[in-house]
Structure formats: C-alpha cells, structure tokens
Amino acid sequence: MYFFSIKRDKFTIHSKAVVCQDVELKGDITIGSGTIVHPKATIFAIAGPIVIGMGCIIEEGAIIVNRRKEVMRIGDDNLFEIGCRVECPSVGNFNTISTRARVHHTVRISSFCVIGAGCLLVPTEDEVLEDYTVIYGPAAEKRVWSGRGKVQEADLRRKHAEYLKEMLPKFNRLRRGEGT
C-alpha cells in the first residue's frame with residue numbers, strides 16, 4: 001500500500017498587490033503589498049515556502065523557484081526582469097536581476113545588487129553577494145557599485161510600479177486574495 005502526501009497550493013496575495021491571472025503559482029506563496037507580477041511569470045515553491053516582500057516587480061517569463069526546505073525570502077523593491085530565473089534562498093532589498101540572468105540556489109543576494117543581462121551565477125559552493133555587488137559580462141565578473149544614483153533608481157522604480165498598477169489591470173485579469 002502506498003501513501004502519497006498531496007501538498008495543496010496556498011497563495012496569500014496582499015490586497016494591494018497586482019498579480020495577473022495568467023501567472024503560474026505552485027506551493028505555499030506569500031506576495032506582499034504593492035508587488036506586481038506580470039502575466040506568464042512562474043513562481044514555484046517546490047520544497048519550502050516563498051515569501052515575496054513589498055513593491056517587487058516580477059516581469060514576463062521570470063521564474064522564481066524554491067527547491068530548499070527553508071523559506072525563500074525575497075525582500076522589498078526588487079526587480080526581476082523578463083526571462084530571468086532565480087533559485088537563491090534569500091534576496092535582500094532593491095536588487096535587479098536582469099533579463100535572462102540565472103541565479104543558482106547556492107547564492108544569497110544581499111541588497112542593492114545587480115545581476116547583469118544573461119549572466120549565469122552558478123558557484124559550486126555557497127556564496128553571499130555583499131551589498132552593492134554587480135555581476136556583469138559573459139564571464140559573470142564581479143565588481144562593487146559605489147551606490148551613487150540609488151535614490152534616482154528607487155524613484156524610477158516607483159514610477160515604473162505606478163504605471164504598471166494602472167496599465168496591467170486594463171489588459172489582464174487579476175488574481176485576488178487567497179487562492180487554492
């Protein structure tokens with residue numbers, strides 16, 4: 001005789017979040033206030049839950065996966081651009097994961113980091129990206145950003161979010177509240 005444990009999906013979506021209906025959600029997922037999830041994004045909590053903070057923008061084709069038993073925590077005001085894939089157990093605040101970038105589950109991202117377009121970050125041992133780290137180029141080189149312009153970047157991201165909150169509901173059906 002076989003017994004299978006069937007885990008039900010549990011979505012907690014804040015009332016001020018904008019999550020399109022055409023998003024693939026699986027597992028135990030919490031989405032914070034002001035977070036925007038574009039259509040065709042994928043968020044899979046395979047082994048452990050995913051908690052997404054406030055004001056994040058998750059664009060089309062972005063994939064966020066938690067393969068670990070521990071909670072995957074994504075901080076506030078992060079931008080996940082088109083086609084990126086993130087499996088790291090923790091992401092701080094105000095990070096940018098650029099288009100088609102890949103971040104492996106052995107990486108932990110602090111705050112104000114940028115993973116450049118198309119960069120593949122797959123270290124063999126656990127690694128922590130310190131605040132203001134920038135990963136760039138085909139060899140995924142690393143440097144430290146001075147932090148200059150972060151206020152302007154934050155203002156631009158807020159304007160981007162305001163625009164999306166206005167436009168996405170005009171052209172997409174939205175998910176509301178708790179879903180199973």
Side-chain angles (χ1 to χ4, degrees), residues 17-20 23-27 29-46 48-68 70-124 126-147 149-150 152-161 163-164 168:
V18 176
V19 180
C20 293
V23 169
E24 266 196 275
L25 301 175
K26 292 221 182 326
I29 300 166
T30 303
I31 299 175
S33 173
T35 289
I36 297 160
V37 185
H38 286 239
K40 302 295 183 196
T42 302
I43 304 172
F44 284 171
I46 295 171
I50 298 176
V51 177
I52 300 172
M54 301 184 328
C56 294
I57 299 172
I58 302 168
E59 294 183 348
E60 298 90 351
I63 301 170
I64 299 174
V65 179
N66 185 8
R67 294 181 190 278
R68 294 182 172 205
E70 66 184 276
V71 176
M72 177 189 215
R73 295 196 184 279
I74 296 174
D76 300 335
D77 300 300
N78 291 296
L79 174 60
F80 298 88
E81 292 184 350
I82 296 169
C84 71
R85 183 181 181 99
V86 176
E87 296 189 16
C88 53
S90 68
V91 178
N93 302 320
F94 280 102
N95 296 295
T96 301
I97 314 299
S98 299
T99 303
R100 298 184 58 79
R102 302 282 186 268
V103 184
H104 199 250
H105 66 87
T106 55
V107 179
R108 292 177 188 269
I109 301 175
S110 298
S111 296
F112 298 99
C113 295
V114 176
I115 312 298
C119 287
L120 181 61
L121 195 54
V122 188
T124 53
D126 285 2
E127 180 178 350
V128 176
L129 293 186
E130 299 299 326
D131 289 357
Y132 300 101
T133 299
V134 177
I135 305 295
Y136 65 97
E141 297 173 67
K142 198 183 294 186
R143 69 178 181 84
V144 177
W145 172 41
S146 68
K150 74 178 179 185
Q152 291 86 348
E153 172 75 20
D155 287 343
L156 184 63
R157 197 161 296 172
R158 270 190 275 285
K159 286 183 177 128
H160 183 188
Y163 174 78
L164 291 172
L168 279 176

Can you tell me how far the [atom1] atom of [X] sits from the [atom2] atom of [Y], to the nearest 0.5 Å?
X: Cys113; Y: Lys142; atom1: SG; atom2: NZ; result: 9.5 Å
X: Asp77; Y: Thr96; atom1: CG; atom2: OG1; result: 10.5 Å
X: Ser111; Y: Ile109; atom1: OG; atom2: CD1; result: 10.0 Å
X: Thr133; Y: Arg143; atom1: OG1; atom2: CZ; result: 10.5 Å
X: Ser33; Y: Met54; atom1: OG; atom2: CE; result: 6.0 Å

Quiz item: Do the ring planes of Phe112 and Phe94 sit parallel (below 30°), tilted (30 to 60°) or perpendicular (above 60°)?
Solution: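 Rings of Phe112 and Phe94: parallel, under 30°.
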Self-check item: Identified side chain to side chain contact (heavy atoms under 4.5 Å, CB included) counterpart of Glu59 within the set Leu79, Ile97, Ile36, Leu164
Solution: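 Output: one option passes, namely Leu79.
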Self-check item: Partners meeting side chain to side chain donor-acceptor pair (under 3.5 Å) with Glu81 (sequence neighbours left out)
Solution: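 Side chain to side chain donor-acceptor pair (under 3.5 Å) check on Glu81 returns Thr99.
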Quiz item: Sequence neighbours excluded, which residues qualify as salt bridge (charged side-chain N to carboxylate O under 4.0 Å, His left out) partners of Lys40?
Solution: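 For Lys40, the residues satisfying salt bridge (charged side-chain N to carboxylate O under 4.0 Å, His left out) (neighbours in sequence not counted) are Asp22.
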Quiz item: Run the side-chain contact (heavy atoms from CB on, under 4.5 Å) check on His38 and Ile57 step by step: do they pass?
Solution: CA-CA 8 Å; His38 286 239; Ile57 299 172; 4.1 Å; yes
Quiz prompt | Under-4.0 Å salt bridge between Asp131 and Lys150 | solution =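 Here Asp131 does not pair with Lys150 in a salt bridge, since their nearest N and O are not under 4.0 Å apart.
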Quiz item: Is Arg85 salt-bridged to Glu87, going by a charged N under 4.0 Å from an acidic O?
Solution: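 Glu87 and Arg85: salt-bridged.
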Quiz prompt | Heavy-atom closest contact (Cys56 atom, Ile74 atom, distance) | solution =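 Answer, listing the atom of Cys56 first, then Ile74: SG-CG2, 4.2 Å.
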Exercise. Identify the heavy atoms of Ile29 and Ile43 that sit nearest to each other, and give their distance.
Key: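 That would be CD1-O, 3.3 Å.
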Quiz item: After noting the C-alpha distance and the side-chain angles of Ile58 and Val23, does the key distance pass the side-chain contact (heavy atoms from CB on, under 4.5 Å) rule?
Solution: CA-CA 10 Å; Ile58 302 168; Val23 169; over 6 Å; no
Practice problem: Report yes if the side chains of Ser98 and Ile115 come closer than 4.5 Å at any heavy-atom pair, otherwise no. | Solution: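 No, side chains not in contact.
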Self-check item: Note, Leu168 side chain near Pro39 side chain (heavy atom, < 4.5 Å)
Solution: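 Touching, per the 4.5 Å side-chain cut-off.
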Quiz item: Can Asn78 and Asn95 be counted as having a side-chain donor-acceptor contact under 3.5 angstrom?
Solution: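 Yes, because at least one side-chain N or O of Asn78 sits under 3.5 Å from a partner of the opposite role on Asn95.
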Quiz prompt | Contact list for residues 95-115, test salt bridge (charged side-chain N to carboxylate O under 4.0 Å, His left out), sequence neighbours left out | solution =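 Qualifying pairs: Glu70-Arg108.
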